[in-house]
Amino acid sequence: EAAREAVTLAQQAKEEMQAKLEEASASSKAADVDVRAIEDERTQLESQLERAVQELAERTAQYEQLQSAHADMLPRLEEATQSCKAAEADRQQLAAVCEERLA
């Protein structure tokens with residue numbers, strides 16, 4: 001009788017251990033899936049970051065080109081402004097001469 005009880009208890013312990021082992025295996029597989037999902041997300045984020053850094057570098061280069069073009073245009077604009085002022089002064093002088101002759 002005692003031997004039967006011992007066998008029964010051993011069988012129950014074995015079944016409990018098997019159930020715990022299966023549960024641990026399932027938990028491990030779920031953790032592996034979670035780790036893979038996290039790694040995939042990290043890879044995607046790294047890729048997005050690389051694209052953002054590349055886009056920032058391109059936009060920075062464009063900005064620097066525009067800034068350089070703007071700096072190149074400022075002296076030309078000043079020169080054109082002075083030329084227009086001189087032309088206006090010439091026009092006014094010519095208008096004054098014409099008025100004198102007509103008078």
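Side chains are part of it too, since the values below use all heavy atoms of this structure and drop only hydrogens, waters and symmetry mates.
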Please collect all salt bridge (charged side-chain N to carboxylate O under 4.0 Å, His left out) contacts where either partner lies in residues 61-78, sequence neighbours excluded, each pair once.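 Residue pairs passing salt bridge (charged side-chain N to carboxylate O under 4.0 Å, His left out), neighbours aside: none found.
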
Residue pairs, two or more places apart or on separate chains, that pass salt bridge (charged side-chain N to carboxylate O under 4.0 Å, His left out) and touch residues 25-44: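 The answer is Arg42-Glu46.
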
Neighbour count >12 (heavy atoms, 6.0 Å) for atom CD, Glu23: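 Open: at most 12 neighbouring heavy atoms sit under 6.0 Å from CD of Glu23.
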
Any chance the side chains of Glu58 and Gln54 put a donor and an acceptor closer than 3.5 Å?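 Present: a donor and an acceptor within the cut-off.
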
Who else is in the cluster with Val53 when I, L, V, M, F, W and Y are joined by side-chain contacts under 4.5 Å?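 Leu49, which link up through side-chain heavy atoms under 4.5 Å apart, make up the rest of the cluster.
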
Which residues pass the side-chain hydrogen bond (donor to acceptor under 3.5 Å, both in side chains) test with Ser83, sequence neighbours left out?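 side-chain hydrogen bond (donor to acceptor under 3.5 Å, both in side chains) check on Ser83 returns nothing, list empty.
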
Partner set under salt bridge (Lys or Arg N to Asp or Glu O under 4.0 Å) for Arg59, not counting sequence neighbours: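 For Arg59 the salt bridge (Lys or Arg N to Asp or Glu O under 4.0 Å) partners, ignoring immediate neighbours, are Glu55.
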
Nearest-0.5 Å distance, CZ of residue Arg91 to SG of residue Cys98: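 Answer for the CZ-SG pair, Arg91 versus Cys98, is 10.5 Å.
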
In sequence, state the C-alpha distance, the side-chain angles, and the governing distance for Glu88 and Lys85, and then conclude on salt bridge (Lys or Arg N to Asp or Glu O under 4.0 Å). CA-CA 5 Å; Glu88 177 61 19; Lys85 287 180 181 179; over 6 Å; no

Please check: side-chain N/O of Thr60 versus main-chain N/O of Leu56, any donor-acceptor pairing under 3.5 Å?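 Flag set: sc Thr60 to bb Leu56 pair under 3.5 Å.
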
Are the side chain of Thr81 and the backbone N or O of Leu77 linked by a donor-acceptor pair below 3.5 Å?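 Yes, Thr81 side chain to Leu77 backbone: donor-acceptor pair under 3.5 Å.
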
Side-chain heavy atoms of Lys14 within contact of Gln18, under 4.5 Å: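 SC-SC contact between Lys14 and Gln18 ruled out.
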
List, one per line, each side-chain donor-acceptor pair under 3.5 Å for residues 5-12, sequence neighbours excluded.
residue: Thr8; atom: OG1; partner: Arg4; partner atom: O; Å: 2.9
residue: Gln11; atom: NE2; partner: Glu15; partner atom: OE2; Å: 3.3

